There are 2 protein chains.
Amino acid sequence: MKSTFPAGSAGDAAQLQAAKDGFITQWGAMGSAWGINRTMAQVHALLMISTKPLTTDDIMEELKVSRGHANTNLRELCGWGLIRGIIPKGERKENFEAEKDIWKMFCIITRERKRREIRPAITVLKDCHERTETLKGGEAVAFSKQVKALREFLEMMDGILSKIARSEQSKILPWALKWLS
Amino acid sequence: MKSTFPAGSAGDAAQLQAAKDGFITQWGAMGSAWGINRTMAQVHALLMISTKPLTTDDIMEELKVSRGHANTNLRELCGWGLIRGIIPKGERKENFEAEKDIWKMFCIITRERKRREIRPAITVLKDCHERTETLKGGEAVAFSKQVKALREFLEMMDGILSKIARSEQSKILPWALKWLS
DNA sequence: TCGTAGTTTCAGGAAAGATTGAAAGCACAA
DNA sequence: TTGTGCTTTCAATCTTTCCTGAAACTACGA
């Protein structure tokens with residue numbers, strides 16, 4: 001519903017819009033599968049492929065959601081650090097832009113999920129283990145052992161992911177490529 | 001609500017039960033966060049720490065869920081390959097037992113999520129890229145480029161995860177430990 | 001201080017997802 | 001073939017989560 005197409009035909013523009021819509025829809029679906037609010041994933045997708053920062057009203061318009069909902073999801077994404085709000089000088093409206101670098105995105109998501117989900121799980125496992133390791137009886141020993149194995153596994157994962165999330169893409173990528181060969 | 005405690009006091013048994021319940025609850029909560037039905041995660045937790053195979057009725061009793069629901073979740077877990085049903089000879093009731101090896105569990109989950117979530121996403125990205133790579137105009141070029149970067153990243157991940165999920169734990173673990181140092 | 005432009009909050013409606021319970025289905029033994 | 005013991009299915013219901021819209025709030029300029 002706009003005016004200027006720097007180049008290409010109207011058909012091209014329609015095709016581009018269709019591809020964008022498909023992308024946003026699918027990214028949203030993928031978000032759901034990973035336990036992320038669909039709209040939040042869509043807002044993220046939209047900002048990720050936008051060539052310029054967008055306002056709350058732009059989001060409302062594109063995704064057909066209410067102002068309240070747009071605002072909530074934008075804030076949440078800011079909380080993750082996946083987007084940031086900027087107020088262009090002279091204006092009062094806030095504009096949002098996404099981190100576009102895939103590797104940085106990956107690092108952010110890894111760090112956050114580690115913090116929000118793996119760490120708490122480790123805490124619980126540690127607790128379960130400590131509360132049962134001194135108990136006698138086959139049942140208790142088996143439980144304690146299983147819980148310990150789980151905990152050690154998650155701690156190893158946590159360590160590896162921390163290390164990866166701290167690395168530069170430039171250090172990981174060539175290594176990954178070699179390793180995959 | 002049972003009889004024989006091979007060793008230890010009644011207090012010990014209560015403590016063990018409390019720890020088990022805590023574990024099941026928390027594993028369920030963690031499942032939710034990762035986009036997995038809470039009950040399914042709890043059934044998995046229950047079987048993971050059980051020293052013997054359990055029947056549908058055992059699950060119903062422990063988790064206080066209906067027969068239908070227990071059945072659905074057991075089937076789903078079988079679908080993932082995380083548990084298997086066995087019919088002890090001479091009996092007609094099906095018993096379920098979980099894969100207890102953490103590394104194998106991790107491989108199964110990795111493989112399944114790759115198949116169910118990463119592969120479809122790659123397909124969509126490929127499609128978006130192909131539909132726009134020949135279009136003219138700054139917008140189209142930017143979109144195409146971003147989508148391509150995403151796709152390449154996911155394909156790299158897919159490759160790495162495939163490789164890891166095919167490995168023996170014995171090959172990864174020492175390497176991980178060294179790498180973490 | 002008031003008015004304006006914008007943002008945030010939240011009660012309640014809507015949609016999605018989980019759970020039940022009961023009926024239908026299945027497999028085997030008598 | 002009928003009966004028994006167990007599993008599966010599915011409409012109905014309950015729960016959770018999402019989403020809206022409107023009111024409250026904030027920041028700033030005149």
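The shown structure was predicted, so the numbers you read here are calculated from the model rather than taken from an experiment. All chains are named by letter (A, B, ...) in the order of the sequence lines, taking the proteins before the strands, and each is independently numbered beginning at 1.
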Could you label the plane-to-plane angle of the B/Trp103 and A/Phe153 rings as parallel, tilted or perpendicular, counting under 30° as parallel and over 60° as perpendicular?
->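 Perpendicular.
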
Would you call the rings of A/Trp175 and B/Trp175 parallel, tilted or perpendicular if under 30° counts as parallel and over 60° as perpendicular?
->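 If you compare the ring of A/Trp175 with that of B/Trp175, the planes turn out parallel.
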
Check whether any side-chain N or O of [X] sits under 4.0 Å from OP1 or OP2 of [N], and answer yes or no.
X	N	value
B/Thr39	C/dT19	yes
A/Asn73	D/dC18	no
B/Asn71	D/dC6	no
A/Arg38	D/dC18	no

Check the distance between [N]'s [atom2] and [X]'s [atom1] and give it to me in whole angstrom.
X	N	atom1	atom2	answer
B/Leu63	C/dT20	CG	P	10 Å
A/His69	C/dA11	NE2	C1'	16 Å
A/Met60	D/dA22	CE	P	12 Å
B/Asp58	D/dC6	CG	P	12 Å
A/Leu54	C/dT7	CG	C1'	17 Å
B/Glu61	C/dT20	CD	P	14 Å
A/Ile36	D/dT17	CD1	C1'	15 Å
B/Ile59	D/dT7	CD1	P	12 Å

Please tabulate the protein-to-nucleotide N/O contacts below 3.5 Å involving nucleotides 23-30 of chain D, giving atom names and distances.
from, atom 1, to, atom 2, distance (Å)
D/dA27, N3, A/Arg92, NH2, 3.1

Return the 5'-most residue of the pair A/Ser32, A/Gly68 with respect to DNA chain C, ranking by each residue's nearest nucleotide.
-> A/Gly68

Among side-chain atoms of B/Thr56 and B/Glu94, is any donor-acceptor pair under 3.5 angstrom?
->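 Absent: no donor and acceptor within the cut-off.
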
Could A/Lys20 and A/Glu62 be called an ion pair, given the rule that one side-chain N must be under 4.0 Å from one carboxylate O?
-> no

Less than 4.0 Å between a side-chain N and a carboxylate O, is that true for A/Glu130 and A/Lys126?
-> no

Taking it one step at a time, do A/Leu47 and A/Leu74 satisfy side chain to side chain contact (heavy atoms under 4.5 Å, CB included)?
-> CA-CA 10 Å; A/Leu47 287 170; A/Leu74 285 165; 4.1 Å; yes

In terms of heavy-atom contacts, does NZ of B/Lys64 have more than 12 from other residues, nucleotides or ligands at under 6.0 Å?
->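 Above 12, so yes.
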
Would you indicate which nucleotide in C/dT19, D/dT7, C/dT8 comes nearest to any side-chain atom of B/Glu94?
->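 Closest nucleotide to the B/Glu94 side chain: D/dT7.
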
